[in-house]
Amino acid sequence: MAEETMLIKMPVGVSRWSDLRSGRYFFVDKTALLPKLFNMGDQLFLTRPRRMGKTLLCSMLKEWFTNGSKSFSGMAIDGKLQEEGGYPVINLSFFSMGESGDAAEFESDLCARLTDAYSVAGFQVSDCDGINSFKRLYRRLNKVAIERGKPLVFLIDEWDYPLSFNIKRPQVCAALQQVMRNFYGWLRMQPCSVRFILITGIMRYRETSLFTGQDIIDISMEPVVADLLGYTQADLTGKQFVPYIKGAAKLLGMTPSAVLDKLERYYGGFYFDKDAIGKVYCPFAVNRFFSAVVRGSEPKFESYWMKSSGAKYALASYLHDYPLSSQMIMELSDQRLEMSNDSLRAGYLLQDVTFEQILVIGGYFSIKAITADTIKAKVSSNRNYRCGITNQDVRNVFFPVLMSYLVSFKNADGSALSTALGQVKSALRQGDIAQLCLIFNKILGYVRDDLFKELESQDQGEKQALYQVPKPDLEAFYRTVLKLALSSSSIIIKDEVANNLWRSDLEATTEDQVYIFALKRLGSITKASIDKRLDDGEKQILERMSGNNPPQPELPQTMVVVAISDTYRRICAWCRFKLQRTAQGLVVVERHKELVAY
């Protein structure tokens, strides 16, 4: 495949502009957007999640300011903007700094990296080697910069890494912040002329001197640079990607349009701009997917972004540090997260950072739309945004991580939960509802007791009649647990799916079947109450035609009613049936009902 189609290899992990321009790698020319970037100002701040191309952008800008526009001959920017170059470029990355938690070591590392950056930029700083005090170092750096007399360019990458890495170690952060205050205070008050500054990272913490005053302009949510990093839909459908799309389609036995649709579902969905219109794809994930095509191997739709840079473990760590209520868990699984413009753009104190901010700014969730009640706001700062899971890449990892927060299986490595989740999904794919209920009961048995008690406390002091429908909150929680347990790349889950008459609780679509679930709570587990609740669910589906708008109407549908005991927190019985349309209307066929052993 690679030799037949002459596919250039994908730049997985390539972050140096010189490597990308060598001709050995595929790349999409974004240089036409540089004038828009420069028009935003001379001192800029840009946030993006990891693996979106921030480091490569810094490397490209280093080439631009060092060697000028002549080194961009033949590119999209050629002829549109002239730059002589010749500027000393100080390119500094904070990535991996501060991990030890020792402030003195952090300061020494900063001094060493900064000295190296000045040396690479052509300054004679050999006498700075070994200096581990920033205050001593910057006096020397100021002197050599003044002597050279050329305006400086500063490109600072991963500026927030030391603080984000230690976000739950307040004493460590306080010590690191003092060093960072000194650094960014010095950066903003350079004794000589500065041509350009770009600072990139993920978070926007207040506790440094970076955001003091108005000289550093945050362009993170500006529409004009929304597609500066990441692939756009136009990129994916453009001529450069055509042979890769066709190659993937041939290897997968799919049509090119089907490949594009699945790529969008898995790796698209990132919106960074305040108008919520600039959708981009994660370049790292797309490049990983097509790398297999270059090798002639069948590409896999996998969670490349979430499995890189320890994103999965970082998310699990955040969950551990930010306790969630049962209501919040349901909102996250239902993607009912609303964020204000200020919560996404304003600087925040370390101790005040919320889990919701980490989700959206970190890329796990993304802006989906401006809320209906604020879409007409003339000032963007008055807008609110509806946010949801970014794409399938994130979803495949986020739901299991959220599930691991819900339950407390005894083994530390989580393999027991992983096994149970695999079994419950396998049971659904095989159509084995009895096995599904047994395994799901096992999972329910390990759900954290505090989450149940939080919901059950709402019912205290209220007695339920035998057939009275209980409050919906706990039922919604059961639905959330079932959705998290069943969700996977091969099972499409939708909850509260509506037709013109009703909302079904949950719909699960496998390769060959659509399952329509109705969950019914039990106040009592007598035979009469169980039969009543199962019959209620069946009649409700029959009369209101639940499942009338299935995700894939060409697939057969199976209706499943499960009765769950509040007292024992488990499925006590289930009923499975199909609907057949006759001249007299819908009728139940192939009905089967079982009690669940325990």
Side-chain angles (χ1 to χ4, degrees), residues 333 420-421 423-444 469-470 472 474-488 490-499 501-522 525 529-553 555-566 568-581 586-598:
S333 68
L421 293 177
Q423 290 172 339
V424 79
K425 294 176 179 65
S426 177
L428 182 70
R429 285 190 289 265
Q430 295 171 21
D432 190 343
I433 305 302
Q435 179 70 2
L436 183 151
C437 291
L438 284 172
I439 302 301
F440 185 64
N441 279 346
K442 180 179 180 181
I443 294 171
L444 281 177
V469 179
L474 193 51
E475 183 176 301
F477 186 69
Y478 288 133
R479 186 183 68 242
T480 294
V481 180
L482 181 60
K483 178 171 69 173
L484 293 175
L486 292 178
S487 183
S488 73
S490 61
I491 301 176
I492 300 174
I493 300 292
K494 294 184 178 180
D495 56 353
E496 295 194 300
V497 181
N499 62 18
L501 295 176
W502 191 43
R503 288 179 181 269
S504 60
D505 287 333
L506 186 143
E507 292 187 0
T509 303
T510 65
E511 292 183 356
D512 55 7
Q513 190 82 211
V514 178
Y515 294 91
I516 313 297
F517 284 87
L519 280 61
K520 297 297 176 184
R521 288 171 57 193
L522 287 167
I525 57 170
S529 62
I530 290 173
D531 288 342
K532 174 65 175 175
R533 297 305 281 149
L534 293 179
D535 290 344
D536 286 345
E538 180 181 317
K539 289 177 181 178
Q540 193 172 38
I541 291 174
L542 184 61
E543 293 173 359
R544 301 184 182 181
M545 296 181 295
S546 172
N548 204 33
N549 301 310
Q552 298 187 42
L555 295 178
Q557 301 175 48
T558 296
M559 315 299 166
V560 182
V561 182
V562 295
I564 305 179
S565 166
D566 287 347
Y568 297 102
R569 301 173 184 169
R570 53 181 294 278
I571 297 174
C572 294
W574 58 272
C575 176
R576 178 186 63 204
F577 59 93
K578 295 186 177 182
L579 294 178
Q580 181 175 303
R581 192 171 297 277
L586 291 175
V587 296
V588 173
V589 297
E590 301 180 35
R591 187 176 191 273
H592 180 79
K593 181 170 66 174
E594 279 190 23
L595 296 176
V596 180
Y598 66 97

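Worth saying up front: this structure is predicted, and the values here are computed from it rather than measured.
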Run the numbers on Val588 and Leu579 for side chain to side chain contact (heavy atoms under 4.5 Å, CB included), then give the verdict. CA-CA 5 Å; Val588 173; Leu579 294 178; 4.1 Å; yes

Any chance you could measure [X], atom [atom1], to [Y], atom [atom2], to the nearest 0.5 Å?
{"X": "Cys575", "Y": "Asp531", "atom1": "SG", "atom2": "CG", "value": "10.0 Å"}
{"X": "Ile564", "Y": "Leu482", "atom1": "CD1", "atom2": "CG", "value": "7.5 Å"}
{"X": "Glu590", "Y": "Arg576", "atom1": "CD", "atom2": "CZ", "value": "8.5 Å"}
{"X": "Leu444", "Y": "Tyr568", "atom1": "CG", "atom2": "OH", "value": "15.5 Å"}
{"X": "Arg591", "Y": "Lys578", "atom1": "CZ", "atom2": "NZ", "value": "15.5 Å"}
{"X": "Tyr515", "Y": "Leu436", "atom1": "OH", "atom2": "CG", "value": "9.0 Å"}

What residue among Val481, Ile492, Val424, Leu421 forms side chain to side chain contact (heavy atoms under 4.5 Å, CB included) with Leu486?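 Going through the options one by one, the only one that passes is Val424.
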
Would a 4.5 Å heavy-atom cut-off, applied to side chains only, mark [X] and [Y] as touching?
{"X": "Asp505", "Y": "Glu475", "answer": "yes"}
{"X": "Phe577", "Y": "Ile541", "answer": "yes"}
{"X": "Arg569", "Y": "Tyr478", "answer": "yes"}

Under the side chain to side chain contact (heavy atoms under 4.5 Å, CB included) rule, what do Arg429 and Ile491 come out as? Steps first, then yes or no, please. CA-CA 8 Å; Arg429 285 190 289 265; Ile491 301 176; 3.8 Å; yes

Would you call Arg533 and Asp536 a salt bridge, taking side-chain N to carboxylate O under 4.0 Å as the test? yes

Classify the side-chain pair Gln423/Lys442 by whether it contains a donor and acceptor separated by less than 3.5 Å. no

For the pair Met559 and Ile516, evaluate side chain to side chain contact (heavy atoms under 4.5 Å, CB included) and give the outcome as yes or no after the intermediate values. CA-CA 5 Å; Met559 315 299 166; Ile516 313 297; 3.5 Å; yes

Stepwise, does the side chain to side chain contact (heavy atoms under 4.5 Å, CB included) test hold for Trp574 with His592? CA-CA 8 Å; Trp574 58 272; His592 180 79; 3.3 Å; yes

Do you know which two heavy atoms are closest between [X] and [Y], and how far apart they sit?
{"X": "Val561", "Y": "Lys520", "value": "CG1-CG, 4.2 Å"}
{"X": "Ala434", "Y": "Glu594", "value": "CB-OE1, 3.9 Å"}
{"X": "Leu522", "Y": "Ser529", "value": "CD2-O, 3.6 Å"}
{"X": "Ile571", "Y": "Val596", "value": "O-CB, 3.5 Å"}

Who are the side-chain contact (heavy atoms from CB on, under 4.5 Å) partners of Gln430, not counting sequence neighbours?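 Result, side-chain contact (heavy atoms from CB on, under 4.5 Å) vs Gln430: Ser426.
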
